[in-house]
Structures are given as structure tokens and as C-alpha cells.
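First the structure, which I've put down as C-alpha cells, then a few questions once you've had a look.
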Amino acid sequence: MSIYINISKPCSQFSHALPFFATFRFSIASAMSHSLHSSAFNTPRLVLKKVLAKSQHEGDGAVVRRGIGRTELKNLDPFLMLDHFSVSPPAGFPDHPHRGFETVTYMLEGGITHQDFAGHKGTIRAGDVQWMTAGRGIIHSEMPAEANNKGLQLWINLSSRDKMIEPNYQELPSESIPTAERDGVEVRVIAGESMGVQSPVYTRTPTMFLVFSMMPGSEWHQSIPESWNCFVYVIEGEGVFGGTSSSPCVAHHVLVLSLGDGLSVWNNSSKPLRFVVIGGQPLNEPVAQYGPFVMNTQSEIEKTLEDYQYGRNGFEMRKYWRSQ
Ligand code: FJE
Ligand code: FE
């Protein structure tokens, strides 16, 4: 792999020889894909940026490792936030609103009990997913169900045409999440497709959300739509991402990937490696965010604050509802 990367970048003084290099590169790439029986990608995605998601306090006494959404990791269109959260009673995320985007909650341990202002409630437990489209407005609480509760919450922006749609939930209990396994690599497909299995989730903003567990000594080559923005978050263990010569990455780091048609990963360590690969089609629209409200312009944010304050345009129940 490292040879492949080196020769694909000929020095400028040899630019007259580019056709030669290009041919040579093509022949090696095709030879590799035949001999390895795995996808040596045309344009492998490499690690552009590596950021540690440090712990911070959020909500009411909860602790989150914020990956996407921190100052160094804004503008990963269409993603607004990724929190690796840990919450124990009496801490939690009491009554708060959302508008203009989707929240995806994937539980790793324990449970989160949610209640919204339309009477929707339930508990998301380890392995379960709640895909919530806030659309024009949701007010809800998200509180711990057990002593220790951990998970990931991803915020995905909605396009201007979807920001004011009716709120909607897609709930996937753990058993219903498509799973596949090959040569020591297990994938849970929360959105998109991997190893020939497909998620039932409808993504208004086209999104891939894969959870991988890789045994020591295993490798995996995941295809990803070429123009989508994509990142990795390492949950546990240590992995090599992008090229065989990349330095190993340990838990709680976000890796922002370059564009390309796929990602290669190796677990060269002696322990299991667990991480998520999250990718999405960029919306390429202006983003105006004020906390839990995400619109396109500042005037739409002002309108949203009024709607919330006076209980209009989706926030009607605000005046009558409190979580129990
Ligand atoms: C929020 C502060 C918050 N990350 N991870 C401000 F904490 C929240 C919020 C969450 C949240 C909830 C869960 Cl279950 C998991 C989270 C932030 O609820 F929405 C705003 N605006
Ligand atoms: Fe919320």
C-alpha cells in the first residue's frame, strides 16, 4: 500500500513522465486487487486530521467526549455533532428542544429513557438505535435508565427543504439491526450498506453509519461513496486507518478522511478494535446554529426563537408539557 501511495505522487521534476507513472500505478493497483481478493481502492481515503475527543460537561451533569462539533471539527457537512456520552443518575438531558436536524442515538451500555411533548416515549438500550428526525420541532428529555449509561449521539443536518417537516422516529431494537461477519470483522449496519447487508433506515440526508468490531490480525476494506464527507471515531482498541504506514490510532480519537472510494483498516494489535465509520453527502448549504436549533440563516434562527418562545409552528405543546 505504501508503495502505491508513493508512486501515485510523482515529483514535479518528473511531470513529463506522468503517463509512465500513471500506467505503472494502474498495473500495480489491478495486480494487487487480483492477488489480495480485496478492494485496493482507486482512491483510498487517507487520514487528513486526527483529533482527541476530550471529556466535557453537557446537559445537567452528563459527561460527553465531543468529536464532531468541537472548534477543530466544525463544517463536516452534513454532520453537526458527535458526542460519546456517559451519564449516571441524577444527571441527564432534561427537557430541551430541537429543530432543523436529526439526532441518532446508539447505546453502548445501559439505557436512555426519552419522552417527548407529543407523548412518544421509550427506553433505548445497549445495541439499540433511535433515529429521530426533529424537523420543525421536538421538545424532549433524555434521562439515564440504569446506573451507567453510555452511547453515541450524532446530529445530522437536514436540507432546507426538510428542516420544517413533521417530526419522525425510526426505532431499531438491537436484534433488528443488520449484522454481518467476515474473517474476524463484524459490522452492524445502522445506515447504508456493508458486506452485502443494508439498513432499513430511511436517511433524508444520505448517510452511512457503520459500527465495526475487528479481531486482532484482521483487516477490512470498506467502500464509501467517493464525494461524501467521512470520519472514523474509535470506541476501543487500536487500529491502523487509511494506509499500512499510518500511525496506529487509539480510542476516543476522530479521524477525518480525505475524499475517495474506500477506507482500509488493519487491527495489528492484540486486542479487539471497535470503531464507527460515519459518512454523508454534503448539503452545501449555509448553516446557522443556535444550540439545538439549526437553520440556514440568522433570520430563520430568530424566527425559531420566537416560535419556541410563543409556542408556534411545531412548538405548540411547549406551554402544556413537562416530562415526568
Ligand atoms: C443539547 C446541551 C446538551 N449531547 N448526547 C445543549 F447537552 C444537549 C443534548 C445532548 C445530548 C443528549 C444525549 Cl442523550 C446524548 C448529547 C448533547 O441533549 F441538545 C443542547 N442543545
Ligand atoms: Fe435531545
Side-chain angles (χ1 to χ4, degrees), residues 53-71 73-74 76 79-158 163 167-172 190 209 211 233 235 252 254 276 278 287-295 301 304-305 307-309 314-315 317-318 321-323:
K54 292 189 206 115
S55 293
Q56 63 186 67
H57 289 270
E58 267 299 4
D60 184 7
V63 175
V64 305
R65 289 181 177 275
R66 183 152 299 166
I68 303 306
R70 55 187 310 114
T71 350
L73 292 172
K74 297 263 184 229
L76 210 82
F79 304 110
L80 302 162
M81 190 195 84
L82 178 75
D83 274 0
H84 182 188
F85 62 89
S86 176
V87 51
S88 297
F93 301 94
D95 305 6
H96 61 278
H98 295 280
R99 176 183 275 182
F101 61 100
E102 303 186 291
T103 69
V104 182
T105 308
Y106 178 63
M107 291 306 296
L108 298 167
E109 182 187 333
I112 288 285
T113 298
H114 65 94
Q115 297 180 36
D116 83 3
F117 69 164
H120 188 90
K121 60 173 100 168
T123 300
I124 318 161
R125 299 194 180 276
D128 298 348
V129 171
Q130 181 200 58
W131 195 290
M132 183 186 91
T133 307
R136 67 211 296 251
I138 286 269
I139 303 177
H140 71 170
S141 63
E142 295 156 292
M143 302 301 284
E146 295 179 25
N148 294 301
N149 310 276
K150 296 190 164 93
L152 299 175
Q153 189 170 89
L154 176 71
W155 290 8
I156 309 171
N157 204 0
L158 286 167
K163 283 189 180 296
N168 181 60
Y169 291 91
Q170 299 178 77
E171 317 228 311
L172 292 92
I190 293 172
F209 189 146
V211 185
Y233 177 72
I235 300 167
H252 308 139
V254 171
V276 292
I278 294 173
V287 176
Q289 177 167 5
Y290 182 76
F293 304 129
V294 183
M295 304 301 286
I301 289 290
T304 298
L305 291 170
D307 286 349
Y308 181 59
Q309 187 179 351
F315 288 123
M317 286 304 291
R318 134 116 220 241
W321 179 83
R322 297 284 177 280
S323 64

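Atoms considered below: every heavy atom in the structure, side chains included; atoms not considered: hydrogens, waters and symmetry mates. As the structure lists them, so they are numbered: ligands from 1, and atoms in each ligand from 1.
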Problem set entry | Those atoms of ligand 1 less than 4.0 Å from some heavy atom in H98 |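 By the 4.0 Å cutoff, the relevant atoms are 19 (F).
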Exercise. Is there a heavy atom of H114 sitting under 4.0 angstrom from any atom of ligand 1?
Worked result: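 No, that is not the case, since the closest heavy atom of the residue is not under 4.0 Å from the ligand.
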Exercise. Any donor-acceptor pair under 3.5 Å linking the side chain of T105 with the backbone of Q153?
Worked result: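 No: the side chain of T105 does not pair with the backbone of Q153.
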For this session: Return the orientation label for the Y106 and F209 ring planes: parallel under 30°, perpendicular over 60°, tilted otherwise.
Result: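 Plane angle over 60°, so perpendicular.
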For this session: Calculate the angle formed at the Fe ion (ligand 2) by NE2 in H140 and NE2 in H98; 10° precision is enough.
Result: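 Taking the Fe ion (ligand 2) as the apex, I get 90° for this pair.
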Exercise. Of the protein's non-hydrogen atoms, which lies at the shortest distance from atom 20 (C) of ligand 1, and what is that distance?
Worked result: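 Ranking protein heavy atoms by distance from atom 20 (C) of ligand 1, first comes W155 CH2, 4.2 Å.
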Exercise. Looking at Q289, K163, E102, which hits side-chain hydrogen bond (donor to acceptor under 3.5 Å, both in side chains) with N157?
Worked result: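 With N157 as partner, Q289, K163, E102 yield a single side-chain hydrogen bond (donor to acceptor under 3.5 Å, both in side chains), made by K163.
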Problem set entry | Check ion pair D307-R99 (N to O, under 4.0 angstrom) |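 Salt bridge between D307 and R99, a charged N being under 4.0 Å from a carboxylate O: yes.
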For this session: Have a look at E142 and say which of its N, O or S atoms is nearest the Fe ion (ligand 2).
Result: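 Looking at E142, the N, O or S atom with the least distance to the Fe ion (ligand 2) is OE1.
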Exercise. Can you find a side-chain donor-acceptor pair between H98 and H140 that sits under 3.5 Å?
Worked result: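 Result is yes, a qualifying pair exists.
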For this session: Please could you name the atoms of ligand 1 that P292 approaches to less than 4.0 Å, counting only its heavy atoms?
Result: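 Within the 4.0 Å cut-off of P292, ligand 1 contributes 21 (N).
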Exercise. Looking only at heavy atoms, is any part of Y290 under 4.0 Å from ligand 1, and if so is it the side chain, the backbone, or both, or is it neither?
Worked result: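 Near ligand 1, Y290 shows nothing, with every heavy atom at 4.0 Å or more.
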For this session: Begin from the C-alpha positions of W131 and I190 and carry the test side chain to side chain contact (heavy atoms under 4.5 Å, CB included) through to its verdict.
Result: CA-CA 9 Å; W131 195 290; I190 293 172; 4.1 Å; yes
Problem set entry | Nearest protein heavy atom with distance in Å, relative to atom 9 (C) of ligand 1 |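 For atom 9 (C) of ligand 1, the nearest protein heavy atom is F93 CD2, 3.5 Å.
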Exercise. Just one of H114, Q170, E142 clears the side-chain hydrogen bond (donor to acceptor under 3.5 Å, both in side chains) bar with Q130, so which one?
Worked result: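 Exactly one candidate clears the test, H114.
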Exercise. Short list, please: which atoms of ligand 1 are under 4.0 Å from a heavy atom of H96?
Worked result: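 Answer for ligand 1: 18 (O), 19 (F).
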Exercise. How close does the nearest protein non-hydrogen atom get to atom 15 (C) of ligand 1, and which residue and atom is it?
Worked result: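 The closest heavy atom on the protein side is F85 CD2, 3.3 Å.
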Exercise. Quick one: does F293 get a heavy atom under 4.0 Å from ligand 1?
Worked result: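 Outside the 4.0 Å threshold, so no.
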Exercise. With a cut-off of 4.0 Å, which atoms of ligand 1 are near a heavy atom of Q153?
Worked result: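 Selected atoms, number and element: 5 (N), 10 (C), 11 (C), 12 (C), 13 (C), 14 (Cl), 15 (C), 16 (C).
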Exercise. Does any N/O atom on D83 come nearer than 3.5 Å to any N/O atom on ligand 1?
Worked result: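 Yes: some nitrogen or oxygen of D83 is under 3.5 Å from one in ligand 1.
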Exercise. What closest approach, in Å, do T123 and A145 show between heavy atoms, and which atom pair accounts for it?
Worked result: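 Shortest heavy-atom separation between T123 and A145 comes out as CG2-CB, 3.8 Å.
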Exercise. If you take all heavy atoms of G92 and P94, which pair is closest and at what distance?
Worked result: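 What the structure gives for the nearest pair is O-CD, 3.3 Å.
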Exercise. Which of parallel (below 30°), tilted (30 to 60°) and perpendicular (above 60°) describes H84 and H252?
Worked result: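 Ring orientation, 0 to 90° scale: tilted.
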Exercise. Just going by heavy-atom distances, which of E142, K150, H140 is nearest to atom 14 (Cl) of ligand 1?
Worked result: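 Of the listed residues, E142 has the closest heavy atom.
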Exercise. Within the stated cut-off of 2.8 Å, is an N/O/S atom of H96 closer than that to the Fe ion (ligand 2)?
Worked result: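 Checking H96: at least one N, O or S atom is under 2.8 Å.
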For this session: Could you check atom 2 (C) of ligand 1 against the protein and tell me its nearest heavy-atom contact, residue, atom and distance included?
Result: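 Checking every protein heavy atom, the shortest distance to atom 2 (C) of ligand 1 gives E58 OE1, 3.1 Å.
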